[in-house]
A.B. asks: 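Right, I'll just put the structure down here and ask away after.
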Amino acid sequence: MTKHVKSSDIRSAFSAAMSAMYRNEVPAYGALMDLVARVNEKALANEPDFKARLEATDNLKRISEERHGAIRLGTAGELAMMRRVFAVMGMYPVGYYDLSTAGVPVHSTAFRPVGDKALKRNPFRVFTSLLRLDLIADQELRADAARILETRRIFTAGAVELTEKAEKDSGLSKDDADRFVANVLETFRWHDKAIVDGEMYHRLHDAHRLIADVVSFKGPHINHLTPRTLDIDRVQALMPDYDIAPKAIVEGPPTRKCAILLRQTSFKALEEAVAFEDGKGGWKTGSHTARFGEIEQRGIALTPKGRGLYDTLLDASRKVVRPAADGSNAKAYEAALIETFQAFPDDWKTIRAEGLGYFSYSLTEKGSKTSIPAGSDIDALIADGLIQFDPIVYEDFLPVSAAGIFQSNLGDGAQQDFVASPNQQRFETDLGAKVLNEFDHYAGIEQSSLDVCLNALTRRPAAE
Ligand code: OOG
Ligand code: NI
(Lines give C-alpha, C1' and ligand atoms only; values in the text may rest on other atoms or scores of the structure.)
(Ligands and ions follow the chains in the order given, each with its own letter.)
Protein backbone atom coordinates (compact mmCIF):
# COMPACT_ATOMS: atom_id res chain seq x y z
CA MET A 1 0.00 0.00 0.00
CA THR A 2 1.28 3.51 -0.79
CA LYS A 3 2.11 5.66 2.16
CA HIS A 4 -0.38 8.42 2.91
CA VAL A 5 0.48 12.05 3.57
CA LYS A 6 -0.84 13.46 6.87
CA SER A 7 -3.97 15.59 6.44
CA SER A 8 -2.18 18.36 8.39
CA ASP A 9 0.59 18.38 5.80
CA ILE A 10 -1.94 18.75 2.99
CA ARG A 11 -3.59 21.64 4.88
CA SER A 12 -0.26 23.29 5.43
CA ALA A 13 0.71 22.96 1.76
CA PHE A 14 -2.67 24.31 0.71
CA SER A 15 -2.46 27.29 3.05
CA ALA A 16 1.00 28.16 1.68
CA ALA A 17 -0.17 27.78 -1.93
CA MET A 18 -3.19 29.99 -1.28
CA SER A 19 -1.03 32.63 0.38
CA ALA A 20 1.36 32.69 -2.58
CA MET A 21 -1.54 32.99 -5.01
CA TYR A 22 -3.20 35.82 -3.08
CA ARG A 23 0.06 37.67 -2.61
CA ASN A 24 0.50 37.56 -6.34
CA GLU A 25 -3.06 38.68 -7.07
CA VAL A 26 -3.43 41.31 -4.33
CA PRO A 27 -0.09 43.07 -3.68
CA ALA A 28 -1.50 44.94 -0.65
CA TYR A 29 -1.80 41.54 1.09
CA GLY A 30 1.95 41.08 0.57
CA ALA A 31 2.64 44.50 2.06
CA LEU A 32 0.45 43.65 5.06
CA MET A 33 2.27 40.34 5.55
CA ASP A 34 5.60 42.15 5.63
CA LEU A 35 4.28 44.69 8.14
CA VAL A 36 2.83 41.97 10.38
CA ALA A 37 6.09 39.99 10.30
CA ARG A 38 8.02 43.09 11.38
CA VAL A 39 5.62 43.98 14.19
CA ASN A 40 5.53 40.38 15.44
CA GLU A 41 9.30 40.20 15.59
CA LYS A 42 9.41 43.39 17.61
CA ALA A 43 6.61 42.28 19.95
CA LEU A 44 8.49 39.07 20.70
CA ALA A 45 11.77 40.90 21.26
CA ASN A 46 10.04 43.33 23.67
CA GLU A 47 8.33 40.58 25.63
CA PRO A 48 10.80 37.78 26.33
CA ASP A 49 8.48 36.13 28.88
CA PHE A 50 5.63 35.93 26.41
CA LYS A 51 8.01 34.54 23.80
CA ALA A 52 9.31 31.92 26.22
CA ARG A 53 5.75 30.75 27.04
CA LEU A 54 4.89 30.51 23.33
CA GLU A 55 8.01 28.46 22.80
CA ALA A 56 7.36 26.22 25.80
CA THR A 57 3.79 25.50 24.73
CA ASP A 58 4.86 24.78 21.16
CA ASN A 59 2.87 27.75 19.88
CA LEU A 60 5.65 29.97 18.54
CA LYS A 61 6.28 28.21 15.23
CA ARG A 62 2.68 28.39 14.08
CA ILE A 63 2.33 32.16 14.38
CA SER A 64 4.25 33.31 11.31
CA GLU A 65 2.43 30.71 9.19
CA GLU A 66 -0.95 31.40 10.65
CA ARG A 67 -3.82 32.81 8.64
CA HIS A 68 -7.49 32.48 7.86
CA GLY A 69 -9.39 33.13 4.65
CA ALA A 70 -13.01 33.55 3.62
CA ILE A 71 -15.25 32.43 0.78
CA ARG A 72 -18.94 32.78 -0.05
CA LEU A 73 -20.77 29.90 -1.68
CA GLY A 74 -23.97 29.91 -3.70
CA THR A 75 -25.66 26.53 -3.28
CA ALA A 76 -26.16 23.66 -0.86
CA GLY A 77 -24.34 21.37 -3.28
CA GLU A 78 -21.28 23.63 -3.26
CA LEU A 79 -21.28 23.76 0.53
CA ALA A 80 -21.59 19.98 0.93
CA MET A 81 -18.75 19.34 -1.53
CA MET A 82 -16.60 21.98 0.14
CA ARG A 83 -17.05 20.15 3.44
CA ARG A 84 -15.70 16.96 1.86
CA VAL A 85 -12.76 18.80 0.28
CA PHE A 86 -11.80 20.45 3.58
CA ALA A 87 -12.09 17.13 5.42
CA VAL A 88 -9.24 15.78 3.26
CA MET A 89 -7.13 18.57 4.80
CA GLY A 90 -8.28 17.80 8.33
CA MET A 91 -10.61 20.81 8.48
CA TYR A 92 -14.08 20.45 10.00
CA PRO A 93 -17.04 22.83 10.32
CA VAL A 94 -17.02 24.49 13.74
CA GLY A 95 -19.72 26.90 14.89
CA TYR A 96 -22.73 28.51 13.23
CA TYR A 97 -22.81 32.24 12.51
CA ASP A 98 -26.01 33.99 11.52
CA LEU A 99 -25.21 37.23 9.69
CA SER A 100 -28.78 38.14 8.71
CA THR A 101 -29.11 40.33 11.79
CA ALA A 102 -26.21 42.41 10.48
CA GLY A 103 -27.86 42.99 7.10
CA VAL A 104 -25.81 40.37 5.27
CA PRO A 105 -27.86 37.62 3.57
CA VAL A 106 -25.61 34.69 4.49
CA HIS A 107 -25.02 32.19 7.25
CA SER A 108 -21.65 30.67 7.91
CA THR A 109 -19.34 28.24 9.62
CA ALA A 110 -15.56 28.02 9.93
CA PHE A 111 -13.68 25.01 8.61
CA ARG A 112 -10.65 24.39 10.79
CA PRO A 113 -8.51 21.72 12.43
CA VAL A 114 -9.83 20.72 15.86
CA GLY A 115 -7.23 18.73 17.82
CA ASP A 116 -4.42 20.31 19.82
CA LYS A 117 -1.74 18.66 17.69
CA ALA A 118 -3.35 19.57 14.37
CA LEU A 119 -3.83 23.20 15.52
CA LYS A 120 -0.20 23.47 16.51
CA ARG A 121 0.96 22.00 13.22
CA ASN A 122 -1.06 24.51 11.17
CA PRO A 123 -4.29 26.21 12.29
CA PHE A 124 -5.40 27.39 8.81
CA ARG A 125 -9.14 28.12 8.78
CA VAL A 126 -11.66 29.27 6.22
CA PHE A 127 -14.73 31.29 7.18
CA THR A 128 -17.29 29.87 4.78
CA SER A 129 -20.60 31.55 4.06
CA LEU A 130 -23.62 30.31 2.16
CA LEU A 131 -25.79 32.82 0.32
CA ARG A 132 -29.40 32.91 1.50
CA LEU A 133 -31.58 33.60 -1.48
CA ASP A 134 -34.57 33.00 0.82
CA LEU A 135 -33.87 36.45 2.33
CA ILE A 136 -34.25 38.18 -1.05
CA ALA A 137 -37.71 39.63 -1.50
CA ASP A 138 -37.70 39.83 -5.32
CA GLN A 139 -39.04 36.41 -6.45
CA GLU A 140 -37.94 36.80 -10.03
CA LEU A 141 -34.41 37.79 -9.15
CA ARG A 142 -34.23 34.92 -6.69
CA ALA A 143 -35.16 32.45 -9.44
CA ASP A 144 -32.68 34.01 -11.88
CA ALA A 145 -29.87 33.81 -9.33
CA ALA A 146 -30.68 30.18 -8.53
CA ARG A 147 -30.71 29.31 -12.23
CA ILE A 148 -27.31 30.94 -12.83
CA LEU A 149 -25.79 29.21 -9.82
CA GLU A 150 -27.04 25.83 -11.04
CA THR A 151 -25.03 26.19 -14.26
CA ARG A 152 -21.63 26.70 -12.69
CA ARG A 153 -19.15 24.06 -11.53
CA ILE A 154 -16.78 25.45 -8.93
CA PHE A 155 -14.65 22.30 -8.50
CA THR A 156 -12.34 20.83 -11.13
CA ALA A 157 -12.96 17.21 -12.14
CA GLY A 158 -9.58 16.42 -10.56
CA ALA A 159 -10.58 17.93 -7.21
CA VAL A 160 -13.76 15.83 -7.10
CA GLU A 161 -11.97 12.65 -8.16
CA LEU A 162 -9.16 13.07 -5.62
CA THR A 163 -11.59 13.88 -2.82
CA GLU A 164 -13.48 10.66 -3.57
CA LYS A 165 -10.21 8.76 -3.65
CA ALA A 166 -9.12 10.20 -0.29
CA GLU A 167 -12.47 9.21 1.21
CA LYS A 168 -12.25 5.68 -0.16
CA ASP A 169 -8.62 5.08 0.82
CA SER A 170 -8.67 7.23 4.00
CA GLY A 171 -5.88 9.43 2.66
CA LEU A 172 -3.74 10.43 -0.33
CA SER A 173 -0.24 9.56 -1.54
CA LYS A 174 2.28 12.40 -1.86
CA ASP A 175 1.72 12.69 -5.63
CA ASP A 176 -2.04 12.72 -5.27
CA ALA A 177 -1.84 15.22 -2.42
CA ASP A 178 0.18 17.58 -4.63
CA ARG A 179 -2.39 17.25 -7.41
CA PHE A 180 -5.18 17.73 -4.90
CA VAL A 181 -3.70 21.02 -3.64
CA ALA A 182 -3.21 22.33 -7.20
CA ASN A 183 -6.75 21.35 -8.18
CA VAL A 184 -8.48 22.73 -5.10
CA LEU A 185 -6.59 26.02 -5.44
CA GLU A 186 -8.45 26.55 -8.73
CA THR A 187 -11.74 26.88 -6.86
CA PHE A 188 -10.39 29.88 -4.92
CA ARG A 189 -8.89 31.69 -7.88
CA TRP A 190 -10.07 35.10 -9.06
CA HIS A 191 -11.84 35.22 -12.43
CA ASP A 192 -11.97 38.57 -14.14
CA LYS A 193 -14.59 37.38 -16.60
CA ALA A 194 -18.10 37.28 -15.18
CA ILE A 195 -20.63 34.58 -16.10
CA VAL A 196 -23.41 37.17 -16.44
CA ASP A 197 -23.95 40.29 -18.52
CA GLY A 198 -23.72 43.80 -17.14
CA GLU A 199 -27.47 44.15 -16.78
CA MET A 200 -27.84 41.01 -14.69
CA TYR A 201 -24.84 42.04 -12.61
CA HIS A 202 -26.50 45.34 -11.78
CA ARG A 203 -29.80 43.72 -10.90
CA LEU A 204 -28.01 41.40 -8.52
CA HIS A 205 -25.88 44.24 -7.18
CA ASP A 206 -28.92 46.42 -6.54
CA ALA A 207 -30.53 43.64 -4.51
CA HIS A 208 -27.35 43.30 -2.42
CA ARG A 209 -23.68 43.69 -3.29
CA LEU A 210 -22.95 40.33 -1.83
CA ILE A 211 -25.43 38.57 -4.11
CA ALA A 212 -23.64 40.01 -7.14
CA ASP A 213 -20.34 38.83 -5.72
CA VAL A 214 -21.53 35.25 -5.24
CA VAL A 215 -23.67 34.78 -8.33
CA SER A 216 -21.76 36.64 -11.07
CA PHE A 217 -18.56 34.63 -11.16
CA LYS A 218 -17.30 31.21 -12.04
CA GLY A 219 -16.12 30.42 -8.54
CA PRO A 220 -15.97 31.57 -4.91
CA HIS A 221 -12.74 33.57 -5.15
CA ILE A 222 -10.95 33.85 -1.82
CA ASN A 223 -11.97 37.34 -0.69
CA HIS A 224 -9.31 37.90 1.98
CA LEU A 225 -6.48 36.19 3.78
CA THR A 226 -5.67 37.26 7.30
CA PRO A 227 -2.29 36.95 8.99
CA ARG A 228 -2.14 36.81 12.80
CA THR A 229 -0.38 39.64 14.57
CA LEU A 230 0.82 39.85 18.14
CA ASP A 231 0.14 43.61 18.32
CA ILE A 232 -2.88 44.71 16.32
CA ASP A 233 -2.86 48.30 17.61
CA ARG A 234 0.66 48.73 16.28
CA VAL A 235 -0.23 47.29 12.86
CA GLN A 236 -3.35 49.45 12.69
CA ALA A 237 -1.25 52.54 13.44
CA LEU A 238 1.45 51.66 10.90
CA MET A 239 -0.83 50.67 8.01
CA PRO A 240 -0.94 54.18 6.47
CA ASP A 241 2.88 54.15 6.27
CA TYR A 242 2.49 51.17 3.98
CA ASP A 243 -0.14 52.94 1.88
CA ILE A 244 -2.90 50.81 3.32
CA ALA A 245 -6.01 52.55 4.67
CA PRO A 246 -7.40 50.63 7.66
CA LYS A 247 -11.06 50.60 8.67
CA ALA A 248 -11.92 53.05 11.42
CA ILE A 249 -12.18 50.72 14.41
CA VAL A 250 -10.70 47.45 15.55
CA GLU A 251 -13.49 44.89 16.01
CA GLY A 252 -13.78 42.80 19.17
CA PRO A 253 -12.57 43.50 22.72
CA PRO A 254 -10.49 46.59 23.57
CA THR A 255 -6.72 46.66 24.10
CA ARG A 256 -5.95 44.74 27.30
CA LYS A 257 -3.04 43.16 29.15
CA CYS A 258 -4.57 39.69 28.81
CA ALA A 259 -5.81 39.26 25.25
CA ILE A 260 -9.24 37.60 25.03
CA LEU A 261 -10.98 36.08 22.01
CA LEU A 262 -10.23 37.90 18.80
CA ARG A 263 -9.48 41.44 17.63
CA GLN A 264 -9.67 42.21 13.91
CA THR A 265 -9.25 45.07 11.51
CA SER A 266 -9.24 45.27 7.72
CA PHE A 267 -8.66 47.54 4.78
CA LYS A 268 -11.35 48.35 2.27
CA ALA A 269 -12.04 46.13 -0.69
CA LEU A 270 -10.32 47.01 -3.93
CA GLU A 271 -12.21 48.08 -7.03
CA GLU A 272 -11.03 45.70 -9.73
CA ALA A 273 -11.56 45.59 -13.47
CA VAL A 274 -13.78 42.74 -14.67
CA ALA A 275 -15.47 41.92 -17.98
CA PHE A 276 -19.18 41.14 -18.44
CA GLU A 277 -20.71 39.20 -21.30
CA ASP A 278 -22.02 41.65 -23.89
CA GLY A 279 -24.67 39.24 -25.24
CA LYS A 280 -22.96 39.15 -28.65
CA GLY A 281 -20.25 36.70 -27.75
CA GLY A 282 -17.87 39.46 -26.67
CA TRP A 283 -16.97 41.29 -23.46
CA LYS A 284 -17.70 44.63 -21.92
CA THR A 285 -15.43 46.15 -19.30
CA GLY A 286 -16.73 46.98 -15.83
CA SER A 287 -15.57 46.77 -12.24
CA HIS A 288 -16.22 44.71 -9.12
CA THR A 289 -15.34 45.21 -5.48
CA ALA A 290 -14.78 42.12 -3.38
CA ARG A 291 -11.25 41.46 -2.27
CA PHE A 292 -9.73 43.04 0.79
CA GLY A 293 -7.17 42.48 3.53
CA GLU A 294 -7.55 41.83 7.23
CA ILE A 295 -5.36 41.22 10.27
CA GLU A 296 -6.23 39.59 13.54
CA GLN A 297 -4.87 39.18 17.04
CA ARG A 298 -5.95 36.11 18.94
CA GLY A 299 -6.36 35.82 22.68
CA ILE A 300 -7.69 33.26 25.13
CA ALA A 301 -10.71 31.08 24.33
CA LEU A 302 -13.52 31.89 26.77
CA THR A 303 -15.82 29.44 28.52
CA PRO A 304 -19.58 29.88 28.04
CA LYS A 305 -19.52 32.01 31.22
CA GLY A 306 -16.68 34.19 29.91
CA ARG A 307 -18.30 34.48 26.51
CA GLY A 308 -21.56 35.49 28.15
CA LEU A 309 -19.76 38.28 29.96
CA TYR A 310 -18.02 39.37 26.75
CA ASP A 311 -21.31 39.52 24.84
CA THR A 312 -23.01 41.47 27.61
CA LEU A 313 -20.20 44.02 27.83
CA LEU A 314 -19.92 44.45 24.06
CA ASP A 315 -23.63 44.98 23.85
CA ALA A 316 -23.58 47.51 26.69
CA SER A 317 -20.72 49.40 25.12
CA ARG A 318 -22.45 49.57 21.74
CA LYS A 319 -25.49 51.02 23.47
CA VAL A 320 -23.27 53.88 24.65
CA VAL A 321 -21.62 54.46 21.26
CA ARG A 322 -22.53 52.65 18.07
CA PRO A 323 -19.54 52.77 15.67
CA ALA A 324 -20.38 54.73 12.51
CA ALA A 325 -19.20 53.30 9.19
CA ASP A 326 -17.40 56.55 8.30
CA GLY A 327 -15.26 56.42 11.45
CA SER A 328 -16.52 59.79 12.76
CA ASN A 329 -17.03 58.48 16.32
CA ALA A 330 -14.16 55.99 16.40
CA LYS A 331 -12.42 57.61 19.38
CA ALA A 332 -15.61 57.76 21.42
CA TYR A 333 -16.36 54.14 20.58
CA GLU A 334 -12.92 53.05 21.69
CA ALA A 335 -13.24 54.96 24.96
CA ALA A 336 -16.66 53.43 25.69
CA LEU A 337 -15.33 49.96 24.97
CA ILE A 338 -12.37 50.35 27.32
CA GLU A 339 -14.61 51.76 30.03
CA THR A 340 -17.20 48.99 29.77
CA PHE A 341 -14.62 46.21 29.71
CA GLN A 342 -13.23 47.29 33.09
CA ALA A 343 -15.69 44.69 34.34
CA PHE A 344 -13.75 41.88 32.65
CA PRO A 345 -10.82 40.70 34.84
CA ASP A 346 -7.45 41.41 33.25
CA ASP A 347 -5.07 38.95 34.88
CA TRP A 348 -4.79 35.24 34.09
CA LYS A 349 -5.15 34.19 37.70
CA THR A 350 -8.55 35.81 38.12
CA ILE A 351 -9.72 34.77 34.68
CA ARG A 352 -8.93 31.17 35.66
CA ALA A 353 -10.31 31.43 39.19
CA GLU A 354 -13.62 32.81 37.91
CA GLY A 355 -13.91 30.14 35.22
CA LEU A 356 -13.95 32.66 32.38
CA GLY A 357 -11.31 31.14 30.11
CA TYR A 358 -9.80 27.83 29.00
CA PHE A 359 -6.24 26.97 30.01
CA SER A 360 -3.68 24.39 29.09
CA TYR A 361 -1.90 22.86 32.09
CA SER A 362 1.69 21.65 32.26
CA LEU A 363 4.19 20.58 34.90
CA THR A 364 6.66 23.12 36.22
CA GLU A 365 10.30 22.16 36.64
CA LYS A 366 9.52 21.40 40.28
CA GLY A 367 6.46 19.41 39.26
CA SER A 368 8.48 17.26 36.90
CA LYS A 369 10.63 16.14 39.84
CA THR A 370 7.80 15.50 42.25
CA SER A 371 5.41 12.66 42.90
CA ILE A 372 2.07 13.08 44.70
CA PRO A 373 -0.79 10.88 45.85
CA ALA A 374 -3.81 10.52 43.55
CA GLY A 375 -6.80 12.78 44.13
CA SER A 376 -4.84 15.96 44.80
CA ASP A 377 -6.58 19.24 44.27
CA ILE A 378 -5.51 21.12 41.16
CA ASP A 379 -5.62 24.55 42.84
CA ALA A 380 -3.35 23.23 45.58
CA LEU A 381 -0.93 21.84 43.00
CA ILE A 382 -0.80 25.24 41.33
CA ALA A 383 -0.30 26.98 44.69
CA ASP A 384 2.54 24.54 45.45
CA GLY A 385 4.19 25.46 42.16
CA LEU A 386 3.90 21.99 40.62
CA ILE A 387 1.52 22.85 37.81
CA GLN A 388 1.40 25.97 35.63
CA PHE A 389 -1.26 27.16 33.22
CA ASP A 390 -1.23 28.97 29.86
CA PRO A 391 -4.18 30.43 27.97
CA ILE A 392 -5.63 28.30 25.15
CA VAL A 393 -5.86 30.32 21.92
CA TYR A 394 -9.32 31.17 20.56
CA GLU A 395 -9.52 29.56 17.13
CA ASP A 396 -12.99 30.72 16.06
CA PHE A 397 -14.81 33.87 15.00
CA LEU A 398 -17.23 36.41 16.45
CA PRO A 399 -20.50 37.23 14.71
CA VAL A 400 -20.60 40.95 15.59
CA SER A 401 -16.98 41.34 14.44
CA ALA A 402 -17.60 39.34 11.27
CA ALA A 403 -20.51 41.66 10.48
CA GLY A 404 -18.14 44.63 10.87
CA ILE A 405 -15.63 42.98 8.54
CA PHE A 406 -18.34 42.24 5.96
CA GLN A 407 -19.42 45.86 6.22
CA SER A 408 -15.97 47.19 5.36
CA ASN A 409 -16.35 45.11 2.26
CA LEU A 410 -19.76 46.45 1.36
CA GLY A 411 -19.05 50.16 1.33
CA ASP A 412 -20.38 52.86 3.60
CA GLY A 413 -23.75 53.09 1.87
CA ALA A 414 -27.11 52.49 3.46
CA GLN A 415 -27.30 49.26 5.37
CA GLN A 416 -30.07 46.82 4.59
CA ASP A 417 -32.11 45.24 7.29
CA PHE A 418 -33.25 41.65 7.24
CA VAL A 419 -35.43 40.04 9.82
CA ALA A 420 -33.18 38.05 12.12
CA SER A 421 -33.64 34.48 11.01
CA PRO A 422 -30.96 32.09 12.11
CA ASN A 423 -31.53 28.67 10.62
CA GLN A 424 -28.81 26.33 11.81
CA GLN A 425 -30.86 23.29 10.97
CA ARG A 426 -31.21 24.34 7.35
CA PHE A 427 -27.50 25.14 7.20
CA GLU A 428 -26.59 21.71 8.55
CA THR A 429 -28.94 19.98 6.11
CA ASP A 430 -27.25 21.85 3.25
CA LEU A 431 -23.81 21.11 4.68
CA GLY A 432 -24.65 17.43 5.05
CA ALA A 433 -23.31 17.36 8.62
CA LYS A 434 -23.69 19.01 11.99
CA VAL A 435 -21.30 21.82 12.88
CA LEU A 436 -19.09 21.09 15.88
CA ASN A 437 -19.50 22.94 19.13
CA GLU A 438 -16.43 25.11 19.79
CA PHE A 439 -16.74 25.02 23.58
CA ASP A 440 -16.59 21.22 23.65
CA HIS A 441 -13.26 21.32 21.85
CA TYR A 442 -11.60 23.82 24.16
CA ALA A 443 -12.91 21.93 27.19
CA GLY A 444 -11.48 18.71 25.74
CA ILE A 445 -8.04 20.26 25.15
CA GLU A 446 -8.03 21.69 28.68
CA GLN A 447 -9.08 18.39 30.26
CA SER A 448 -6.52 16.30 28.41
CA SER A 449 -3.70 18.67 29.42
CA LEU A 450 -4.80 18.26 33.03
CA ASP A 451 -4.95 14.47 32.70
CA VAL A 452 -1.41 14.37 31.34
CA CYS A 453 -0.15 16.41 34.32
CA LEU A 454 -1.99 14.38 36.93
CA ASN A 455 -0.92 11.06 35.43
CA ALA A 456 2.69 12.15 35.35
CA LEU A 457 2.57 13.45 38.92
CA THR A 458 0.89 10.41 40.44
CA ARG A 459 2.55 7.59 38.51
CA ARG A 460 6.13 8.68 38.70
CA PRO A 461 8.21 6.97 41.41
CA ALA A 462 9.19 9.42 44.15
CA ALA A 463 12.24 11.47 43.30
CA GLU A 464 15.30 10.64 45.38
C1 OOG B 1 -16.30 37.00 5.72
C2 OOG B 1 -16.24 38.03 6.81
C3 OOG B 1 -15.97 37.42 8.18
C4 OOG B 1 -13.99 37.36 9.79
O5 OOG B 1 -12.75 37.31 9.93
O6 OOG B 1 -14.75 37.61 10.73
C7 OOG B 1 -14.54 37.15 8.44
C8 OOG B 1 -16.51 37.55 4.34
O9 OOG B 1 -16.39 38.75 4.12
O10 OOG B 1 -16.80 36.72 3.46
O11 OOG B 1 -13.76 36.78 7.62
NI1 NI C 1 -11.75 37.34 8.10
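Note that the numbering runs from 1 along the sequence shown for the chain. Every number for a ligand or one of its atoms is a count from 1 in the order of the listing.
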A.B. asks: Given that the side chain starts at C-beta and the backbone is N, CA, C, O, which of these parts of A402 lies under 4.0 Å from ligand 1, counting heavy atoms, or is it both or neither?
C.D. replies: both

A.B. asks: What protein heavy atom sits nearest atom 4 (C) of ligand 1, and how far off is it?
C.D. replies: Q264 NE2, 3.3 Å

A.B. asks: Could you check atom 10 (O) of ligand 1 against the protein and tell me its nearest heavy-atom contact, residue, atom and distance included?
C.D. replies: R72 NE, 2.8 Å

A.B. asks: Given that the side chain starts at C-beta and the backbone is N, CA, C, O, which of these parts of L398 lies under 4.0 Å from ligand 1, counting heavy atoms, or is it both or neither?
C.D. replies: neither

A.B. asks: Anything under 30° is parallel, anything over 60° is perpendicular, the rest tilted; go ahead and classify F217 against H288.
C.D. replies: tilted

A.B. asks: Compute both the distance and the angle, then confirm whether R256 meets the cation-pi test with F341: under 6.0 Å from the six-membered ring centre, within 45 degrees of the axis.
C.D. replies: no

A.B. asks: Which value, rounded to the nearest 0.5 Å, describes the distance between H221 atom NE2 and R291 atom CZ?
C.D. replies: 7.5 Å

A.B. asks: Measure from NZ or CZ of R298 to the centre of the six-membered ring of F397 and say whether it is under 6.0 Å with the direction within 45° of the ring axis.
C.D. replies: yes

A.B. asks: Check this for me, if you would: do D134 and R142 make a salt bridge, where the nitrogen-to-carboxylate-oxygen distance has to be below 4.0 angstrom?
C.D. replies: no

A.B. asks: Give the atom numbers and elements of ligand 1 that come within less than 4.0 Å of a heavy atom of F397.
C.D. replies: 4 (C), 5 (O), 6 (O)

A.B. asks: Heavy atoms only: which of H224, E251, R125 lies closest to atom 7 (C) of ligand 1?
C.D. replies: H224

A.B. asks: Out of curiosity, is E296 lining ligand 1, as in a heavy atom under 4.0 Å away?
C.D. replies: no

A.B. asks: So which of the N, O or S atoms of H224 lies nearest the Ni ion (ligand 2)?
C.D. replies: NE2

A.B. asks: Salt-bridged, E395 to R228, with N to O below 4.0 Å?
C.D. replies: no

A.B. asks: Does H68 come within less than 4.0 angstrom of ligand 1, counting non-hydrogen atoms of the residue?
C.D. replies: yes

A.B. asks: Verify the distance test for E294 against the Ni ion (ligand 2): any N/O/S atom under 2.8 Å, yes or no.
C.D. replies: yes

A.B. asks: Using the rule side-chain contact (heavy atoms from CB on, under 4.5 Å), only one of S129, P422, S108 pairs with L99; which is it?
C.D. replies: S108

